[in-house]
There are 2 protein chains.
Amino acid sequence: MQITYREAAEFLRNNDNYYILTHGTPDGDTIGSGFGLCGILRKMGKKANVYCSDPLPRRYDFMYEGYEELPFEPKAIVAVDVADPKLLGQKLSVYKDKVDLCIDHHISNTGYAARTLVEPDAAAACQVIYRLLSEEKLTEPDTHIARCLYTGIATDTGCFRFDSTSPETHIAAAELMRYDIEAGKINRRMFEQKSKARLAVEQYILGNIEYYFEDRCAVAAVTLEEMAATGLPADEFEGLASLTTLLETVEVGVIIRQKEEHKFKVSMRSAGDTDVSELCRRFGGGGHVKAAGCTFETTLEDAKKQVLEALSELFT
Amino acid sequence: MQITYREAAEFLRNNDNYYILTHGTPDGDTIGSGFGLCGILRKMGKKANVYCSDPLPRRYDFMYEGYEELPFEPKAIVAVDVADPKLLGQKLSVYKDKVDLCIDHHISNTGYAARTLVEPDAAAACQVIYRLLSEEKLTEPDTHIARCLYTGIATDTGCFRFDSTSPETHIAAAELMRYDIEAGKINRRMFEQKSKARLAVEQYILGNIEYYFEDRCAVAAVTLEEMAATGLPADEFEGLASLTTLLETVEVGVIIRQKEEHKFKVSMRSAGDTDVSELCRRFGGGGHVKAAGCTFETTLEDAKKQVLEALSELFT
């Protein structure tokens, strides 16, 4: 059941002993939503804990350092930034039919929770929580709450770069900055600083991009053998597709990453008007207009050939 | 003479036939200020033209395409984002003692104009112009004016990333976005898309960074011979210093670029608490706490040795 901001606020005021669930492979928005909401509830005098199926990445440590899990049995389960119960991951899957309230911004939210507060126009779940906090006057934010909510908004919008950024996104950021959050420091951490391994992987990929169709398409591929040769962990090779669209002429960028001997994961990004989800659907995949993916069970040469053939229909 | 927003508005209302001067090697803020203010004045029924000593880069073409220079003799000269008359460049140097109004955000503004509206807390000259426009109700912005002012604010703050970004910066962005400016498109152009030459140069520099003092310092050097070998124009080797601080452990990043046989330009960036302007002052240079520079007239080896010795005092 879709509920209003007023009803969500009433739910939070009238209950206690909250378990807040984030999605697996956690990002800045789900972590910011989790610890931000936890801070809000605790400041309202409630008991609340945050849970995640996967370890929280170190780069987000300023949001969870100093956090202490409280000993209590849950009476209310809230999921934040979780569009689908599958995304709760292994450890939290026991709660998948027990979510009392889901706060989210994904239009694809499956409505699995007893109550859903979803605002698809919001750039981040943290923007929804900020609106709930401020419009319904749940409590006065402190520095930590403001820092968590700002971080979720900043990370989900590529620091206010993406189309999802609206005037309301900027206004939320402006209000949250009034709580001494040191936004510049957060942004350096989120958007500038990289690990040595990550820099090496990005260098590797950038050096291996091939351009096609008068530089309107870019394709990069990386095999298991090549990954092993770099000595870098496989998870450093995630989330690299945006590198393929850096060249100003590129409209579609593709990255092909080997997963098993005859299994290749393809990620596509559109920097123009091409709907890459439609392209990926042809190969049994899917996604969003600007970012989509599919999987090939064949050789690298054949996967690349099929992708280039599909692109050639659009770009020649 | 430092004047108020009210006085600046009165000046603009009471005069006509404006020449608007931008600084040389123009960036997004001076171009956005120039064409934004020109749009405002023309919408107020005034005659106004924009001038720059140097050609306007193609990446900013959405701000100046369709602009037409009007035939008139100037009766009022306004400089925007020009902290020092030296920055007007060769062609506009004839106006250096004739500026009637300077609108700026640099604390270092020399006060060379008859009237100066400078707000050092503003993140961009475009933010000052936005405040002037809105507070003093000069006119109602249109899409083009809003796009120019947004672009100046976004480019001077690294898309709202830098410490200079304040709540007022975000509020200006929020208001400007209400005029159909397609901010996402502007941001892709400003912050994501690069030319092939630029990508190649960045790759080259990233591949040549050396790390020192437990990865707390990074030094990259590029010689005239190396630049020639890449076949890329020398101006593509400008503005690369921020690449040296991408590694998360780096506190000071240095780039050394050969200008002549025995002349090396050094740019330093601080990603931590080090004041690099103090470091550069030792070598006869200067700048800001986080970004500074100096020049060595010696060999590359010696320049590097001197820089590393200065850094070793701080980092060992």
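Below, chains carry the letters A, B, ... as their sequence lines are ordered, and counting in each starts from 1. Heavy atoms only: backbone and side chains are in, while hydrogens, waters and symmetry mates are out.
Looking at A:T157, neither its backbone nor its side chain comes within 4.5 Å of chain B, counting heavy atoms on both sides. Both the backbone and the side chain of B:F160 come within contact range of chain A, judged by heavy atoms closer than 4.5 Å. Within the 4.5 angstrom heavy-atom criterion, only side-chain atoms of B:L199, from C-beta onward, approach chain A. Only the side chain of B:E168 comes within contact range of chain A, judged by heavy atoms closer than 4.5 Å. Heavy atoms of B:T249 lying under 4.5 Å from chain A are absent altogether.
Below 30°, between 30° and 60°, or above 60°: for A:H170 and B:Y150 the angle between ring planes is above 60°, a perpendicular geometry.
Between B:E192 and A:R161 a salt bridge is recorded (basic side-chain N to carboxylate O distance below 4.0 Å).
Between chain B and the options A:G184, A:A200, A:A174, heavy-atom pairs under 4.5 Å are most frequent for A:A174. Between chain A and the options B:I186, B:D215, B:T245, B:L176, the largest number of non-hydrogen pairs under 4.5 Å is found for B:D215. When B:I171, B:V250, B:N187 are compared by the number of non-hydrogen pairs under 4.5 Å with chain A, B:N187 comes out ahead. With respect to chain B, the highest number of heavy-atom pairs below 4.5 Å among A:T169, A:L206, A:T165 belongs to A:L206.
Screening A:R189, A:Q193, A:K194, A:K196 against B:E248 for a side-chain contact (heavy atoms from CB on, under 4.5 Å) leaves a single residue, A:Q193.
At least one side-chain heavy atom of A:D163 sits under 4.5 Å from a side-chain heavy atom of B:R188.
Under a cut-off of 6.0 angstrom, the local environment of CD1 in B:I107 is sparse, with at most 12 non-hydrogen atoms contributed by other residues, nucleotides or ligands. Other residues, nucleotides and ligands contribute at most 12 non-hydrogen atoms within 6.0 Å of the NE2 atom of B:H288.
Going from atom CG of A:L247 over to atom CZ of B:R198 covers 13.5 Å, rounded to the nearest 0.5 Å.
Taking both residues in full, the closest heavy atoms of B:P167 and A:M177 are given as CG-CB, 4.0 Å, listed atom of the first, atom of the second, then distance.
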